[in-house]
Amino acid sequence: IIKCQRLVFTEVMHGKLQQLIDPFMNMPALIEVEELSEARAEIHEQMVYHVPDFKVKLNLLTLLVKETAPTDKAIVFVSTRLNAEKVYNHVRLSLKNEVAILNPMMFESRGFDSIEDFKAQQQVRFLIIADELNNFYDLHDISFGLHVEIPTDTDVFSHRMIKDGNEPSH
């Protein structure tokens with residue numbers, strides 16, 4: 001028998017985790033750490049839809065944005081500026097003047113130079129942002145964030161999901 005030590009770190013201990021640990025840990029020691037006094041980050045509620053291709057994503061996105069309240073603002077994240085143009089052209093057929101792109105590639109596409117300009121504009125409720133712009137954005141006062149494509153940089157995705165006390169919990 002080879003001797004070794006194993007460590008398991010978890011925020012919450014539950015039955016399924018215990019079933020996973022029991023077969024390979026003999027008399028494990030449990031060390032509990034008190035909760036830190038600093039405020040804990042909350043996470044936005046998330047939903048995932050598995051779809052077969054980009055066209056189905058576009059159709060699903062159109063349905064989702066039609067269901068939002070008229071006062072809600074939403075950000076739609078895509079991977080490239082080219083995909084931003086594709087999403088914009090598809091969604092604007094049903095949303096008319098309510099959708100725009102952050103820093104659009106095409107002159108004829110409705111767009112904004114900053115997210116603050118989008119927030120200040122009442123008529124436009126949906127802003128499409130390409131991840132290739134590599135920026136972190138102030139998402140305060142934004143009701144929804146929709147990812148048509150999940151960013152490859154996990155820090156970018158985590159930044160979008162963590163909220164502080166000033167943000168709505170949608």
Side-chain angles (χ1 to χ4, degrees), residues 10-12 14 16-17 36 38-170:
T10 181
E11 190 170 314
V12 178
H14 51 80
K16 286 188 179 193
L17 183 58
L36 298 175
E38 64 187 53
R40 295 178 55 158
E42 293 183 49
I43 305 296
H44 288 285
E45 182 180 324
Q46 301 175 52
M47 294 177 14
V48 175
Y49 296 94
H50 296 280
V51 294
D53 57 40
F54 195 74
K55 180 107 174 117
V56 176
K57 283 183 184 183
L58 292 176
N59 292 331
L60 177 61
L61 178 63
T62 302
L63 289 173
L64 291 173
V65 296
K66 283 183 180 179
E67 303 254 335
T68 60
T71 57
D72 285 341
K73 291 248 185 200
I75 302 287
V76 178
F77 295 102
V78 296
S79 61
T80 66
R81 292 175 70 199
L82 183 60
N83 283 352
E85 293 289 340
K86 289 177 187 176
V87 170
Y88 172 78
N89 288 325
H90 184 83
V91 174
R92 78 180 170 122
L93 297 173
S94 26
L95 294 177
K96 308 287 184 241
N97 296 322
E98 295 180 278
V99 63
I101 301 175
L102 184 66
N103 300 313
M105 284 177 40
M106 309 297 180
F107 178 72
E108 58 275 353
S109 299
R110 183 176 193 161
F112 293 103
D113 293 329
S114 74
I115 199 165
E116 287 74 26
D117 293 341
F118 164 68
K119 289 178 183 181
Q121 169 60 253
Q122 295 299 316
Q123 185 182 15
V124 179
R125 300 185 310 123
F126 301 94
L127 182 65
I128 302 166
I129 298 177
D131 282 331
E132 69 185 28
L133 298 174
N134 292 327
N135 290 331
F136 286 97
Y137 301 101
D138 176 11
L139 300 178
H140 287 86
D141 303 322
I142 302 297
S143 304
F144 298 97
L146 304 164
H147 287 88
V148 173
E149 299 160 311
I150 303 295
T152 55
D153 184 347
T154 56
D155 289 339
V156 169
F157 186 74
S158 297
H159 175 76
R160 293 176 187 160
M161 294 299 106
I162 296 173
K163 63 181 180 175
D164 63 27
N166 298 324
E167 293 185 75
S169 56
H170 292 285

Under the side chain to side chain contact (heavy atoms under 4.5 Å, CB included) test, residues paired with [X] that sit two or more places apart:
X: Ala69; result: Thr71, Asp72
X: His14; result: Lys16, Leu17
X: Ser94; result: Thr62, Lys66
X: Leu58; result: Phe54, Val87, His90

Return yes if some donor-acceptor pair links the side-chain N/O of Arg81 with the main-chain N/O of Asn103 below 3.5 Å, else return no. yes
Backbone N or O of Val148 within a donor-acceptor pair of the Lys57 side chain at under 3.5 Å? yes
Please collect all salt bridge (charged side-chain N to carboxylate O under 4.0 Å, His left out) contacts where either partner lies in residues 105-119, sequence neighbours excluded, each pair once. Lys119-Asp138
For Ala100 versus Tyr88, what's the shortest heavy-atom pair and its separation? CA-CE1, 4.1 Å
I need the minimum non-hydrogen distance between His50 and Val48, along with the two atoms involved. NE2-CG1, 3.7 Å
Can you tell if the side chain of [X] reaches within under 4.5 Å of the side chain of [Y], non-hydrogen atoms only?
X: Val76; Y: Phe144; result: no
X: Ile101; Y: Leu127; result: no
X: Phe126; Y: Thr68; result: yes
X: Asn97; Y: Val124; result: no
X: Ile128; Y: Val99; result: yes

To the closest 0.5 Å, what do you measure between CD1 (Ile142) and CD1 (Ile75)? 4.5 Å
With sequence neighbours excluded, residues passing salt bridge (Lys or Arg N to Asp or Glu O under 4.0 Å) with Arg92: none
If the condition is salt bridge (Lys or Arg N to Asp or Glu O under 4.0 Å), which residues does Glu98 pass it with, not counting sequence neighbours? Arg125
Test the Lys73-Phe118 pair against the cation-pi criterion, namely NZ or CZ under 6.0 angstrom from the six-membered ring centroid and within 45° of the ring axis. yes
Under the ring pair (Phe, Tyr, Trp, His ring centres under 6.0 Å) rule, collect the residues that match up with Phe77, sequence neighbours excluded. His147
Those residues that, when tested against Glu149, pass side-chain hydrogen bond (donor to acceptor under 3.5 Å, both in side chains) (two or more places apart): Ser79, Asn83
Yes or no on side chain to side chain contact (heavy atoms under 4.5 Å, CB included) for Val65 and Leu146, after CA distance, side-chain angles and deciding distance? CA-CA 9 Å; Val65 296; Leu146 304 164; 4.1 Å; yes
